[in-house]
Structure formats: C-alpha cells, structure tokens
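Every value quoted in this text rests on a predicted model; they were computed, and no experiment measured them. We count residues from 1, following the sequence as given.
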Amino acid sequence: MSGLEHSRSPHLRAGVIAAVATLVIDQASKLWLLYVFDLANRGAVRVTPFFDLALAWNVGISFGWFQSDNQLTQIALMAIKAIAVIVLGIWMARSSTLLATLALGLIIGGAVGNGIDRFLYGAVVDFALFHIEIGGKTFNWYVFNLADVAIVAGVAGLLYDSFLGVPAAKAP
C-alpha cells in the first residue's frame, strides 16, 4: 500500500457524494428560481408568515460582508475560495471519521456552488429570507441559499465531531 493510499480516508467516497449532491441541489434550486419560477420578475414571494423567497445578488462574502462589485475584488474572492476548496479537499481525503468527511463534503459542495455563481453572474444568488415581526417592526435574517445551508451544516458537523465525536482509536 502506498503512502497516499494509507493516508486516504476510508469515507472519501461519502464525502465526494455529499459534495456533488450539495452542488447539484444548490445549482438546480438557483437555476429553477431564476429561469423557471422567474423570481427576479416576481419580486419577493411570501411562502409562510416568517419565510419569503426574495432574490438578492451577494457580491461580498458570507453575510454580505466586504460588498464590492469591483472585478479585481471578485477575482481575489474566487482565488481565495479556490485555495480554500483545495485545502478542504485535502483535509477531507485525510479525514478519519465519517461525520467530518461528510461535513467537509457539504462545505466543499456549497463553496463550489457559490463559486459557480460568482463566476457566472459576478455575484452569489441568494433567495431564502427568514423574518419575524415584533411590536410592528420586522426583523430580517440575511438572505441566503442552499449552498450556505450546506456550509453552515458542514461547519456544525465539524464542530460536533471535534468536540463531542468519538475519538479515533490510536494506532498500535
């Protein structure tokens, strides 16, 4: 067995499936909302009293931070994202637990999905908006997408795995 095979995660296939499934579901939802449902022309669509579909183009990073439509900034964000995906892929390939491998797959799939948006549209397609009304005033959460949900779930999985997961058995 080569050194590469020895260091490869036994759960790598599951992580790759999680990444690909996340990417496909994310991109399918965005394409459907943009080109079939035509969310841009419909405007905000109330789904429940606390949830709307509302199109937002995020030219920044998570939670709309560092908003800029400057082409150099967009290229820099893409480069950082590409490096992060490579590092996360290496981590996933070496991961020793199924939970961490799946979590990394979710993060990678979400990051690639949002990266595709940035490449195709110059911004990330966000559409999910949770809100609550208290005392006549409406409080909105950030507008997000399914890639963002996968990234947050992946980070939560990594945190759970690192703090509460079963410790890996030590090699003899």
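- Linking Ile, Leu, Val, Met, Phe, Trp and Tyr whenever their side-chain heavy atoms come within less than 4.5 Å puts Ile116 and Val36 in one cluster.
- With rounding to the nearest 0.5 angstrom, the CZ atom of Phe127 is 10.0 Å from the CG atom of Leu55.
- Proximity of Val152 to Asp148: side-chain heavy atoms (C-beta onward) are nowhere separated by under 4.5 Å.
- Taking the side chain as every heavy atom from C-beta outward, Tyr142 and Leu129 never approach each other to under 4.5 Å.
- Within the structure, the salt bridge (charged side-chain N to carboxylate O under 4.0 Å, His left out) test picks out no pair touching residues 129-147 (sequence neighbours left out).
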N/O donor to acceptor pairs below 3.5 angstrom from side-chain atoms of residues 99-111, sequence neighbours left out:
{"unit_1": "Thr101", "atom_1": "OG1", "unit_2": "Ser95", "atom_2": "OG", "d": "3.0"}
{"unit_1": "Thr101", "atom_1": "OG1", "unit_2": "Thr97", "atom_2": "O", "d": "2.8"}

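- Following chains of ILVMFWY side-chain contacts shorter than 4.5 Å, one cannot reach Phe130 starting from Val143, and the two form parts of different hydrophobic clusters.
- The ring-ring contact (aromatic ring centres under 6.0 Å, His included) analysis of residues 83-121, with sequence neighbours excluded, yields the pairs Trp57-Tyr121.
- A pairwise comparison of heavy atoms in Val59 and Arg118 identifies O-NH1, 3.4 Å as the closest pair.
- In terms of hydrophobic clustering, with Ile, Leu, Val, Met, Phe, Trp and Tyr side chains grouped at heavy-atom distances under 4.5 Å, Ile17 and Met92 are assigned to different clusters.
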Under 3.5 Å, which donor-acceptor pairs do the side chains of residues 40-50 form with other protein atoms, sequence neighbours left out?
{"unit_1": "Asn41", "atom_1": "ND2", "unit_2": "Asp38", "atom_2": "OD1", "d": "3.2"}
{"unit_1": "Asn41", "atom_1": "ND2", "unit_2": "Asp38", "atom_2": "OD2", "d": "2.8"}
{"unit_1": "Arg42", "atom_1": "NE", "unit_2": "Phe37", "atom_2": "O", "d": "2.6"}
{"unit_1": "Arg46", "atom_1": "NE", "unit_2": "Asp52", "atom_2": "OD1", "d": "3.4"}
{"unit_1": "Thr48", "atom_1": "OG1", "unit_2": "Phe50", "atom_2": "N", "d": "3.2"}
{"unit_1": "Thr48", "atom_1": "OG1", "unit_2": "Phe51", "atom_2": "N", "d": "3.0"}

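- In this structure, Leu164 is a member of the same hydrophobic cluster as Val155, with clusters built from ILVMFWY side-chain heavy atoms closer than 4.5 Å.
- Note: Leu88 CG to Lys81 NZ = 11.0 Å, rounded to the nearest 0.5 Å.
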Result block: side-chain N/O donor-acceptor pairs under 3.5 angstrom for residues 19-26, not counting sequence neighbours:
{"unit_1": "Thr22", "atom_1": "OG1", "unit_2": "Ala18", "atom_2": "O", "d": "2.7"}
{"unit_1": "Asp26", "atom_1": "OD1", "unit_2": "Lys30", "atom_2": "NZ", "d": "3.0"}
{"unit_1": "Asp26", "atom_1": "OD1", "unit_2": "Ala147", "atom_2": "N", "d": "3.1"}
{"unit_1": "Asp26", "atom_1": "OD2", "unit_2": "Lys30", "atom_2": "NZ", "d": "2.9"}

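- Interatomic distance, CG of Asp126 versus CG of Asp117, reported as 8.0 Å (0.5 Å rounding).
- The structure places CG of Asn145 at 10.0 Å from CG of Leu33, a figure rounded to the nearest 0.5 Å.
- Through chains of ILVMFWY side-chain contacts below 4.5 Å, Ile132 is grouped with Ile134, Phe139.
- Leu39 and Val124 fall into different hydrophobic clusters, where Ile, Leu, Val, Met, Phe, Trp and Tyr side chains are chained together by heavy-atom contacts under 4.5 Å.
- Between Met78 atom CE and Ile83 atom CD1 the span is 12.0 Å, to the nearest 0.5 Å.
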